[in-house]
Student: 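Quick one: structure below, then a few questions.
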Amino acid sequence: MDIERLREQTRFEPTEVEPRTVERWLASGLFHPRPGESGEGAYSIAIPPPNVTGTLHMGHALNGSIQDVLIRYHRMRGLNTKWILGTDHAGIATQMQVEKALAAEGLSRRELGREAFVERVWDWRSHYGGQIVEQFKRLGASCDYSEERFTLDDGYARAVAQVFVALYEKGYIYRDRYIVNWDPGTRSAISDLEVEEREETDTLYSIVYDLEGGGTVTIATVRPETMLADTAVAVNPHDERYKDLVGRTAILPLVGRHLPVIADEYVKTDFGTGQLKITPAHDPNDFEIGRRHGLDQVSVIGEDGRMTAEAGERFAGLTVLEAREAVVAALESEGRVTARDPYLHSVPYSHRSGQRIEPLISLQWFMKMDELAAPAIAAVRDGSVRIVPENHRKVYLDWMAEIRPWCISRQLWWGHRLPVYYCESCRAVHVAVSPPQSCPACGGPVYQDEDVLDTWFSSALWPFATLGWPEQTPELGAFYPTDVLSTARDILFLWVARMIMMGIEFTGRPPFREVYIHSVIQAPDGRRMSKSLGTGIDPLKEIGKHGADAVRFGLLAMSSTQDVRYSAKKVQQGQALANKLYNAARFALLRIAEQPGVELSELAGEPRPQTVEDRWILSRLQAIKAEFAARIEVYDFSHAALCLYDFVYGELCDWYIELVKPRLDLDGSAAPQQRRALSETLLHVMRQTVALAHPVIPFVTEELWGYLGGQGLLAGGTWPQAQDDLRDPEAEQEVARAIEAITLLRGWRDSVNAKAGLIVPARIAAEGYDDTATLVARLARLELVSRNGAHAERSVVAAVPVPGGAVEVLGAEGLDLDAAQRRRDAERERLQSEIARSQAKLANEQFVAKAPAEVVEAERAKLERLRAEIEAV
RNA sequence: GGGCGCGUAGCUCAGUGGGAGAGCGCUCGCUUCACACGCGAGAGGUCGCAGGUUCGAAACCCGCCGCGCCCA
């Protein structure tokens, strides 16, 4: 590497370095493992496939950073590591985007026809799809880009069909007329999980129905238009007021239908009058009551969101809201509306189209979940799938315990079409992977079901369908099950739970050992980050401004076990770290290069400690390696990132480099062996630091690895594990003591207004500085005076307490001694109060008797230390 | 209605039984021969409120107030 370039370039420039570093990584083939390549075992992660139409948002950037840290760390640990990449066809989302584009041309999908429309979507995908994969590269994500999957690829589609057929044959998949969440926006049924409840205030109307044979009931409803479909009136069986009503008949106003009065536990006695209209075709709860009591189902709202002929001539064709007004007006004219009250309740909306859900009865395909859920519950309960953080475990188990059938058919065109065929002649139903040419029963012509599967049905197969299942491929053998699934919690039910169920059902094993649920990054003001709110922050823009390393570090550092606000400061901290590391390496290399008799290319980069600070940094390096590894193992990315920062700033740069500077001077006074040894040690420390930080900030570390003379690409290098033989508690203690003393002395200097450059004559009257006295003196800007040397006869003008005693200052030139006196008084006061506190504690018999011995002992030692310090002042 | 979580320095957050912490911001001082994306020093907190357990509580328990999310 060109050392001259390094000399001139005083800052790390991510926009210059990062793109070319990505190219080097991609060209290396490091990200594409071959099955069974490493004897150390395999490590794999299946990426949550982003929507093919999507672009990178903060959630992707965070999850990409998390997964890449895990992938790079394990790759460097020698495991055969694969990050499975791909995109999701995202049925509704993609179809809606293309429909929007068509609308701009004045076209609709129905005008185009199914085949042409689907072709348009494929075209659209090839033009605009997959951008996000390029964006993952820019982030530095080390996915296996050479094997990108798509959930609608041929092989994947075969896996989907095979799963459908198998589940159908087991009786888990069935067709039913059932109440579903109808989304008038997409004109499709959607699953319970795609429905979002919103609090809204509506008018609660009280309406009087006559009873046959005299009397009335009064029902309360926010949806008077659905009364046209009422088929019963219900009261609670324990409601004493209405005991006599049960079994009588009410007359439905406007329609005249006879409604039985039934008793059902569902009815709340304290809501409204305690009398409830039952509309099985337009309310999920009423539907269940209807099934329990064998009530008729009358549908008055159609799939277009308008009233049907069943609603009667006066109302047919009206929208739901128009019908509501018309029905209320009609009831009013009969004097049946007795009250209107504002009422706050939750209203279902489609997560997909944003429109209000219309519950209605529809012929759909469903999947029974109970049998699949049982082993998926067991897997989490017995720990074969571990959910981190653990509190999500309970959320998962609670939801799984109450799992309901899943509506899997969608009235869309973009997606996996159901492998279901109907005979035109005999109406027989055939479910098969390969389409029958004619009806196997009667030979008649067959046609395929129009519906496609819910996107999540195919996503549920992701970890194994991407590896070639149902074929027993080498990839499947090597990389399944995957090690961890990292995701935000919003798709725990939609996706994660279903993957566990399908994985166990079809491969006999859960698809991953651990599920890591990461933070949701909110806008800085605490709102949701979203395009529509205008609160989104584009990770690529941030990468452009601060570099991918900075964004990765920032996101990891701000992440937590709960939701967090986006912190631009953390990203800047990451940028500062990259630059700091760059400059530390730059300093080390330039100084090594300038050492007479030392040649960088001849150095091995092995530790050759000669002094206490050498032993100290090597020991601290082992500690930080162990801590980083431990944090990664428990998915504590924020502390992993921050401990790197603290090490680089707080130990390597602020102290070690400052401590060794004089030993790297250029006047040639040091012996060549010593220069060489220090160069070795410094190079070792820099290489190790850069390697250990690589999973978090891969770009700057890869760049520096080249300058530092590392072998090959760092991305393919070895992660430096902690070496216990380099641990040195004594050196750690000695240098920690020196650091504390220097800090105290600097504080003292400031308080006596000593000019920054002033060298103060002083004497160390304290224990434990044998090896560090000159270091302390230099960094605290003292001139050490020996007992019988130059200034020895001068009197002590100040004593600065430091661990183990004090530093006595001799000579007052340039010092504000009044300030020194004030400082000394303040210090004495502080010590006095601490001593008093400590004494009081030890005088407390309860404390001495009940606190653990070591705590009492520590308190005694502390008191002794304080007394020594106050003595020294 | 049920569940989960949060409330600590101006801001964002860490700390989970034994002397209140970090980053950023702020103040003061530094062209100290890697870095001003830098260096040194400093100010700043009744740890939401009220009770309890304990020799000892920011931390554990109970209640209240405020905020967020999930489920029904």
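Please read all numbers here as calculations on a predicted model, not as lab measurements. Note on naming: letters A, B, ... go to the chains in the order of the sequence lines (proteins, then strands), and numbering restarts at 1 for each one.
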Student: A:T743 side chain: which of B:A41, B:C35, B:G15 is closest?
Tutor: B:A41
Student: If we call it a pair only when both distances are under 3.5 Å in a Watson-Crick or G-U wobble match, what pairs with B:C6?
Tutor: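 B:G66 - that is the nucleotide pairing with B:C6, both distances being under 3.5 Å.
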Student: Mind calculating the distance between CD (A:Q562) and C1' (B:G68) to the nearest angstrom?
Tutor: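 One finds 10 Å between C1' of B:G68 and CD of A:Q562, rounded.
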Student: Does B:A43 have a Watson-Crick or wobble partner in any strand here, with both distances under 3.5 angstrom, and which is it?
Tutor: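 In the structure as shown, B:A43 has no Watson-Crick or wobble partner.
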Student: Distance check needed: B:G3 P versus A:M400 CE, whole Å only.
Tutor: 22 Å
Student: Distance between the P atoms of B:G1 and B:C64, in whole angstroms?
Tutor: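 After rounding to an integer number of Å, I get 13 Å for this pair.
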Student: In whole Å, what separates the C1' atom of B:G7 from that of B:G56?
Tutor: 24 Å
Student: Output the rounded distance in Å from NZ (A:K850) to C1' (B:G56).
Tutor: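 For the pair A:K850 NZ and B:G56 C1', the rounded distance is 11 Å.
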Student: Tell me the interatomic distance from A:R746, atom CZ, to B:A41, atom P, rounded to whole angstroms.
Tutor: 5 Å
Student: If you measure from the C1' atom in B:A9 to the same atom in B:A43, how many Å do you get, rounded?
Tutor: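 Approximately 11 Å lies between the C1' atom of B:A9 and that of B:A43.
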Student: Mind calculating the distance between NZ (A:K841) and C1' (B:U54) to the nearest angstrom?
Tutor: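 Rounded to the whole Å, the gap is 13 Å.
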Student: Kindly compute the distance separating CZ (A:F647) from CZ (A:F628), expressed to the nearest 0.5 Å.
Tutor: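 Interatomic distance, A:F647 CZ to A:F628 CZ, rounded to 0.5 Å: 12.5 Å.
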Student: For a quick check of understanding: with a heavy-atom distance under 4.0 Å over all strands, which category does A:Y649 fall into, base, sugar-phosphate or nothing?
Tutor: sugar-phosphate
Student: My understanding is that a pair needs two contacts under 3.5 Å, Watson-Crick or G-U wobble. By that rule, which nucleotide pairs with B:U53?
Tutor: none
Student: For the aromatic rings, using the six-membered ring if either is Trp, is the centroid distance between A:Y178 and A:F287 under 6.0 Å?
Tutor: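 Yes: the rings meet the under 6.0 Å criterion.
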Student: May I ask you to say what A:E834 touches in the nucleic acid, namely base, sugar-phosphate or nothing, with a heavy-atom cut-off under 4.0 Å?
Tutor: base
Student: What is the distance, to the nearest angstrom, from the CG atom on A:L704 to the C1' atom on B:A34?
Tutor: 12 Å
Student: Give, for atom CD1 of A:I190 and atom CG of A:N181, the distance between the pair rounded to the nearest 0.5 Å.
Tutor: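 Going from CD1 on A:I190 over to CG on A:N181, the span is 5.5 Å.
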Student: What integer number of Å spans the C1' atoms of B:A59 and B:U8?
Tutor: 11 Å
Student: Between atom CG in A:D525 and atom P in B:C67, what is the gap in whole Å?
Tutor: 16 Å
Student: How many Å lie between CD on A:E859 and P on B:C55, as a whole number?
Tutor: 17 Å
Student: With a 3.5 angstrom cut-off on both distances, give the Watson-Crick or G-U wobble partner of B:G38, or none if there isn't one.
Tutor: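 Looking at the geometry, B:G38 pairs with B:C30.
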Student: Flag yes if more than 12 heavy atoms outside A:E13 fall under 6.0 Å of its CD atom; otherwise flag no.
Tutor: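 Count over threshold, so yes.
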